[in-house]
Amino acid sequence: MSKIKVMSENLANKIAAGEVVEKCASVVKELVENSIDAQANNIKINLIDGGLTSIGIIDNGIGMDKEDAKLAFARHATSKIYKDDDLFFIETLGFRGEALASIASVSEVNLDTCNDEVGTHVHIKGGIMDDVGPSSARIGTEITITNLFYNTPARLKYLKSEATELNNCIQFIEKLALSKPCIAFTLSNNGKVVVKTSGSGNLLKTIHEIYGLNVSSNMLDIKANNDDFEISGYIGKPGLLKKNRNHFNIIVNGRIVRNNDINRAINDAYYTYKHEGFYPIVVINIETDPTLIDVNIHPTKQDIKMSKIDELCQLLYVTIKNTLYDNLLIPNALIDNEINNKNEDVFISKYENNINDNKTIIQTSLDFRAENEDEVVIKNADFKKLKLYPIGQVHGTYIIAENEDGMFILDQHAAHERINYEMISKRFHDEIPSYTDMLIPFSIELSSSDFEIFMANKYVLEELGFQIEEFGINTIVFKSHPTWLTKNFEGDNLKTIVDLVITNHKNFNKGRFLDSLAKMISCKMSVKANEHLSKEQIEKLLDDLVKCDNPYNCCHGRPSIMKFTNYELEKMFKRVI
Ligand code: ZN
Ligand code: ZN
C-alpha cells in the first residue's frame with residue numbers, strides 16, 4: 001500500500017520536474033535559493049561539465065536537523081520560513097516546495113547537513129530515499145546532484161551542450177551576486193573558478209568582481225525616489241556598450257527581475273548617447289511596497305508585472321538621462337589597455353591587502369575612481385565653456401583641434417549633424433513658425449492610398465511652417481518651407497519628408513515623428529565627408545558644437561569628438577613611462 005503511494009508521488013515529482021527544471025541553471029537556482037533562505041553568506045557552486053555530470057552546492061547556512069533533511073524532499077514540503085518581502089513570490093511557493101522533491105526524482109542526490117547539533121546524511125536515487133544516517137558535516141549544507149534526468153531520457157535530450165549549460169549558470173550566478181552583494185559566491189566548473197565575489201556588501205566592488213576594472217571604473221551612481229519607489233545603483237557610461245540586454249540587471253526588493261517596460265525606459269534614457277542596437281550595463285535596485293508587485297507570470301522565469309509601472313519608468317528615465325547629461329565626457333581616443341591593466345593590478349592588490357577591512361576597501365576603490373576620472377572627465381557644464389582652437393582638416397573628413405588639455409579629433413559630419421539636430425529640435429517648439437515662400441513650388445505625385453494618408457497627416461508639417469496644397473489628381477505641391485531648412489534642402493529631399501509622414505502613419509506618434517524628421521533633415525543638411533571646409537567654417541563648427549546639450553554624439557549615437565589628453569600623447573611618444 002505504502003509502496004504504491006511512493007510510486008505515484010514519485011511520478012508526480014517527475015512530471016513536476018519537467019515544469020521546474022529545464023536546465024542545469026534551474027537546478028542551481030533552486031539549490032542556491034534554498035541556501036539563501038538558510039541565511040548562508042558564503043555559497044560555493046561546483047559544476048562538473050557545466051552541471052551535466054554533477055552540480056554541487058556548499059553553503060554556510062543554518063543547516064537542517066534529521067527530520068527537516070528528510071522532509072526537504074517531500075512533495076509540498078513547507079518547512080521554509082518566508083519573510084514579508086518574499087510576498088511577491090508567493091505564487092511560486094508551491095513550486096519552491098516541490099522543487100527539491102522534483103529534482104530528486106530525476107537524479108541522484110547526496111545531502112550532508114548540520115544544524116549545530118547533529119549532522120545528517122541523506123542519499124536519494126530516482127526519488128527513492130535509500131539511506132539516512134549520521135554525518136560529520138560542519139554547520140551548513142552540502143548537496144550534490146548527479147546524473148540529472150538519467151531516468152527520464154525524454155527530458156535528458158533537452159539539456160544543451162556543456163558550454164551552453166555552463167553559460168546559463170554563469171549568467172544566473174552573476175546576476176544573483178549583483179543582487180546580493182553581502183553574499184560571497186564562488187562558481188567553478190571542473191575545478192576552475194569562473195565567478196567569484198567577496199560578499200563585501202559593496203555593490204561597486206561586486207560590479208568590479210564580475211565585470212572587471214574597465215567597467216567598474218566607468219560606472220555612474222544613481223539615486224532617486226518618488227512616493228512609491230526608491231531607486232539606486234550604477235549605470236554604465238555610454239562608451240561601455242554590449243550587443244544585448246543581458247546586462248540590464250534589474251533588482252526589485254532584492255530579487256532579479258525582468259520587465260520590458262523597465263528595459264525600454266532605460267534604453268530610451270540613453271537615446272542618442274549610444275548606437276542603436278547596443279545596450280549599456282546597468283545594475284539598478286528598486287525598493288517598493290511588495291503589494292505593488294503582481295505575481296510573476298511563470299514560476300521559473302523572472303518576468304514580473306507591477307502596478308504604477310509608468311511612474312517607475314518615468315523615474316528611471318529622468319534619473320538616468322540627467323545622470324548621463326551631468327557626467328558625459330568626451331570618449332578618450334585611446335582605450336588604453338596598458339593603463340587599465342596596470343591599474344587593475346594595483347586595484348586588486350590593494351583589495352587583497354585590506355581584505356578584512358571593508359571600509360578601507362570602499363575608500364580605496366572610490367579614491368581610485370576619482371584619480372582616474374580627473375584625467376579624462378570634462379563635465380558638461382565645463383564643456384560649454386571649453387575653447388577649441390582649430391588646427392586643420394584631414395582627408396576632408398576629420399577636424400583636428402587643440403587646447404591646453406590636449407588634442408581633439410572631430411568627425412565633421414557627426415559634429416555638424418549634432419548641431420543641426422539640436423537646432424531643429426528646438427525650432428519645432430517655436431510658437432509661430434517662420435517660413436519662406438519657395439521660388440518654384442515643388443509638386444509630388446503619389447499613389448491614391450499614399451495621397452489619402454498624406455492628406456490626413458499633413459497638418460504636422462503645416463504646424464512647422466510647410467505650406468502644402470492639393471494640385472490635381474493625387475498630387476501635392478509645396479509652396480513654402482520653414483526658414484531653418486537650408487536652401488539646398490528642397491526637391492528630392494521634400495519627397496523624403498513626405499515618405500516619412502506616410503511610413504509613420506500607423507500608430508502615429510507626433511513626438512517620435514518629429515524626432516525622426518529632425519534626424520533625417522539634420523543628416524541631410526550637414527557637411528559630408530570629403531568636403532573641404534574653410535578655416536572660418538571650422539571655427540564656427542567648433543564654437544557651435546561646444547554649445548550643444550550633448551556634443552559627444554551625432555543624433556544616431558556615433559561619436560562626434562574624441563580626445564587625446566596631453567598625458568596620452570606623452571605616453572604614446574614615451575616622453576613619460
Ligand atoms: Zn548623418
Ligand atoms: Zn548620424
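Counting starts at 1 for both ligands and their atoms, following the listed order. This structure is a prediction, so every number in the text was calculated from the model and none was measured.
A donor-acceptor contact closer than 3.5 angstrom links the side chains of Ser434 and Thr483. Checked by atom type, the side-chain pair Asp515/Tyr421 shows a donor-acceptor distance below 3.5 Å.
Counted within 6.0 Å of OH on Tyr398, heavy atoms from surrounding residues, nucleotides or ligands total 12 or fewer; the atom is thus considered open.
For the residue pair Leu324 and Leu220, the shortest heavy atom distance occurs at CD2-CD1, 4.2 Å.
Salt-bridge annotation for Arg264 and Asp268: absent, with no side-chain N of the basic residue lying under 4.0 Å from a carboxylate O of the acidic one.
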If you look only at distance, which donor and acceptor atoms sit under 3.5 Å apart when one is on a side chain in residues 527-535 and the other is two or more places apart or in another chain?
{"from": "Lys528", "atom 1": "NZ", "to": "Cys523", "atom 2": "O", "distance (Å)": "3.3"}
{"from": "Lys528", "atom 1": "NZ", "to": "Lys524", "atom 2": "O", "distance (Å)": "3.3"}
{"from": "Lys528", "atom 1": "NZ", "to": "Ser526", "atom 2": "O", "distance (Å)": "2.9"}
{"from": "Glu531", "atom 1": "OE1", "to": "Lys528", "atom 2": "N", "distance (Å)": "3.0"}
{"from": "His532", "atom 1": "ND1", "to": "Gln393", "atom 2": "OE1", "distance (Å)": "3.4"}
{"from": "Ser534", "atom 1": "OG", "to": "Gln537", "atom 2": "N", "distance (Å)": "3.1"}
{"from": "Ser534", "atom 1": "OG", "to": "Gln537", "atom 2": "OE1", "distance (Å)": "3.3"}

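Listed by chain and number, Glu417 OE2, Cys554 SG, His556 ND1 are the protein N/O/S atoms closer than 2.8 Å to the Zn ion (ligand 2), with waters left out.
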